[in-house]
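Treat the numbers as computed from the prediction; the structure is a model and nothing was measured. Each ligand, and each atom within it, is numbered from 1 in the order the structure gives. One is the number of the first residue; the rest follow in order along the sequence.
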Amino acid sequence: MDLVLSDEQRAVRAAVREWVDEVVVPDAARNDREERFPQEALDGLRKTGFVGMTIPEEYGGGGADPLTYVLFIEELSRGDANVRSIMSVHLGLVAGSIQRWGDQQQRAHWLPSMATGQVLGCFGLTEPDHGSNPADLRASAEALPGGGWRISGRKVFITNGSIAGVALVMARTGGQGARGISAFLVPTDLAGFTATPIHGKLGLRSCDTAELVLDGVEVGSEALLGGEGAGLKVALSALDDGRMSIAASCTGIAQAALDAMVRYAGQRQQFGKPIAAHQLVQELIADSAVDVDASRLLTWATADLKARGENHSLAASKAKLFATEASVRVANACIQVHGGYGYVDEYPAAKFLRDARVTTLYEGTSEIQKLLIGRALTGVSAF
Ligand SMILES: Cc1cc2nc3c(=O)[nH]c(=O)nc-3n(C[C@H](O)[C@H](O)[C@H](O)COP(=O)(O)OP(=O)(O)OC[C@H]3O[C@@H](n4cnc5c(N)ncnc54)[C@H](O)[C@@H]3O)c2cc1C
């Protein structure tokens, strides 16, 4: 793996960093406090073209390589993990799946409007009774006599669910288990499709999370993505990229938390000197710095494998497991360094912890990542 960024990668990172500091950071705390959707940031992502960063140039996107993508995600998340989560789902889970599994017609239909952000994507895998084990999901798609499908079921905790124009929905078309599942690109304005926002989240309070109900939604045969019975493969390959993106996001949250604690430790005086001069405060900072670097390296290693067209499932699980747990540790350390001020929202420390906390849960909990890593290494499934 080459640890030196190209001139272009450095230029993109610098441009995103500048834009995030100017547009995303100033509104992040207020949006979080008021559970207010970051509309200005989304408008800006559209205007700058960042919204289509990884979509191939032939469809109007930026055609960015995987390492540039994780640099972008880290910077977004450093500014506000809510803005990052909108983009990870839109680009990584949905546009990426259309690029990977779509035929010419599906790509030409969806990718140009996703590249401009006119259409956003959401990813509907989780159901009320099926989270860690999606192979058992119950949403169903029944073949219609003249062609096409009628889809019914419920999906919960769907990021972008009420703002998306297309939902990538996994539903059962055959018998039990993984092989009976297919993936569908469902336009969200069809009759029978409803999305209800979920409120009261611990973190990621300003981005959209919704429950979806599909009540006999009828789609044409062109909605089927990747062929009948390939739905779980579509979903799991999307999650490889999603986990890489979450690891990048956690690196961004942890970097922001580290920057905040270094800043505060230099300013805050106790016992007649800056708290940075106390060894136990430096321990919190040093341990956090190592967590940030290790998270970034595991993320870059995953992106490097993907860029070279190699299997990156195991690397993505390792990166996600480490970086998510590390971001919780670092955000917690950030609160500790801020003392009582870390517990109130005058400083960003509490938001870092609340936003980081969900990352050990979604796109495969930490326990699930351990089982995936263990299975890959031993050849034995402990699920
Ligand atoms: C804010 C937010 C956004 C989300 N966005 C999306 C989205 O866009 N699309 C989507 O499809 N989903 C999304 N999710 C859902 C998320 O992926 C699931 O919550 C997650 O996969 C866990 O499923 P669950 O909540 O049903 O927990 P469960 O599967 O019920 O797990 C509960 C606990 O049991 C443990 N457990 C389960 N099985 C095992 C096992 N075999 N061995 C050991 N421990 C086990 C888990 O690790 C966990 O600790 C989101 C969730 C949240 C909170």
Side-chain angles (χ1 to χ4, degrees), residues 32 35 37 77 80-97 120-139 153-164 166-172 181 183-186 188 195-214 231-232 234-243 245-246 249-250 253 316-317 320-321 324-325 327-328 351 353-375 380-383:
D32 172 65
E35 289 194 34
F37 185 77
S77 198
D80 187 358
N82 290 275
V83 178
R84 183 290 302 177
S85 75
I86 300 169
M87 282 299 98
S88 287
V89 172
H90 170 66
L91 286 176
L93 297 184
V94 186
S97 295
L120 293 177
C122 72
F123 180 80
L125 181 63
T126 306
E127 299 184 351
D129 295 325
H130 302 96
S132 296
N133 183 16
D136 270 355
L137 62 80
R138 284 287 165 266
R154 283 172 68 202
K155 300 286 175 182
V156 279
F157 301 132
I158 306 305
T159 304
N160 295 347
S162 31
I163 58 168
V166 60
L168 175 54
V169 172
M170 271 46 74
R172 190 164 293 286
I181 297 171
F184 296 91
L185 291 165
V186 181
T188 56
T196 308
I198 296 169
H199 294 289
K201 287 177 289 180
L202 175 70
L204 292 187
R205 292 162 62 91
S206 69
C207 68
D208 175 51
T209 309
E211 172 165 1
L212 309 183
V213 175
L214 291 93
L232 205 61
V234 171
L236 296 182
S237 63
L239 290 178
D240 285 346
D241 286 1
R243 288 167 185 159
S245 176
I246 291 176
S249 168
C250 289
I253 296 174
S317 283
K320 189 206 180 248
L321 174 61
T324 57
E325 297 286 346
S327 69
V328 173
K351 177 177 183 296
L353 182 62
R354 290 187 289 100
D355 288 347
R357 191 61 192 80
V358 72
T359 64
T360 70
L361 302 174
Y362 63 16
E363 297 198 26
T365 63
S366 290
E367 290 76 22
I368 295 302
Q369 302 311 322
K370 287 177 187 173
L371 294 179
L372 291 170
I373 295 165
R375 184 178 66 184
V380 180
S381 172
F383 279 96

Identify, by atom number and element, the atoms of ligand 1 in contact range of Leu371, meaning under 4.0 Å from any of its heavy atoms.
40 (C), 41 (N), 42 (N)

Distance to 0.1 Å, residue and atom name: give those for the protein heavy atom nearest to atom 29 (O) of ligand 1.
Ser132 OG, 2.6 Å

Side chain to side chain contact (heavy atoms under 4.5 Å, CB included) partner of Thr324, the single match among Thr359, Leu361, Thr365, Ile253:
Thr359

Protein contact of atom 6 (C) of ligand 1 - nearest heavy atom, named by residue and atom, plus distance
Phe157 O, 2.6 Å

Could you tell me if the side chain of Arg172 sits less than 4.5 Å from the side chain of Arg138, heavy atoms only?
yes

Do you know which two heavy atoms are closest between Asn160 and His90, and how far apart they sit?
ND2-N, 4.1 Å

Can a donor-acceptor pair be found between the side chains of Ser249 and Ser77 at a distance below 3.5 Å?
yes

So is Ile368 polar-close to ligand 1, meaning N/O to N/O under 3.5 Å?
no

Determine whether Leu125 and Leu239 make a side-chain contact, defined as any pair of heavy atoms from C-beta on separated by less than 4.5 Å.
yes

Please write down residue, atom name and distance for the protein heavy atom closest to atom 20 (C) of ligand 1.
Leu361 O, 3.4 Å

Can you tell me if Leu204 has a non-hydrogen atom under 4.0 Å from ligand 1?
no

Tell me, which protein residue and heavy-atom name are nearest atom 8 (O) of ligand 1, and how many Å apart are they?
Thr159 N, 3.0 Å

Are Lys320 and Leu372 side-chain neighbours, meaning at least one heavy-atom pair lies under 4.5 Å?
no

Just which atoms of ligand 1 are under 4.0 Å from any heavy atom in Leu125?
11 (O)

Atom 2 (C) of ligand 1 sits nearest the protein heavy atom Tyr362 CD2, 3.6 Å

Atom 17 (O) of ligand 1 within contact range, any protein heavy atom under 4.0 Å:
yes

For atom 26 (O) of ligand 1, decide whether some protein heavy-atom distance is shorter than 4.0 Å.
yes

Contact check: Thr365 vs ligand 1, nitrogen or oxygen atoms, below 3.5 angstrom
yes

Part of Glu363 with heavy atoms under 4.0 Å of ligand 1, whether side chain, backbone, both or neither
backbone

Within the protein, is there a heavy atom lying under 4.0 Å from atom 37 (C) of ligand 1?
yes

Looking only at protein heavy atoms, identify the closest one to atom 44 (N) of ligand 1 and say how far it is in Å.
Glu367 CB, 3.7 Å

Ranking Gly203, Ala210, Ala238, Gly131 by closest non-hydrogen atom to atom 24 (P) of ligand 1, top hit is Gly131

State, to 0.1 Å, how close Ile86 and Cys207 come at their nearest heavy-atom pair, and which atoms those are.
CG1-CB, 4.3 Å

re atom 9 (N) of ligand 1, the protein heavy-atom contact at minimum distance is Phe123 O, 2.8 Å

Judged by atom type as modelled, is there a donor-acceptor pair below 3.5 Å linking the side chain of Arg375 to the main-chain atoms of Leu371?
no

Are any of the side-chain heavy atoms of Phe383 and Ile368 separated by less than 4.5 Å?
yes

Would you say the side chain of Glu127 lies within less than 4.5 Å of the side chain of Asp136, judging by non-hydrogen atoms?
no

Could you report the tightest heavy-atom contact between Phe157 and Ile198, atom names first, then the distance?
N-CD1, 3.7 Å

May I ask you to test the Arg84-Ile246 pair for a side-chain heavy-atom distance under 4.5 Å?
yes

Side chains of Ser317 and Gln369: donor-acceptor distance under 3.5 Å anywhere?
yes

So which protein heavy atom does atom 1 (C) of ligand 1 come closest to, and at what separation?
Val358 CG2, 3.8 Å

What do we get for Thr126 next to ligand 1 when only non-hydrogen atoms under 4.0 Å count, side chain, backbone, both or neither?
both

Could you list which atoms of ligand 1 come closer than 4.0 Å to a heavy atom of Ile158?
7 (C), 8 (O), 9 (N), 10 (C), 11 (O)

Contact bool for atom 33 (C) of ligand 1 (protein heavy atom, d < 4.0 Å):
no

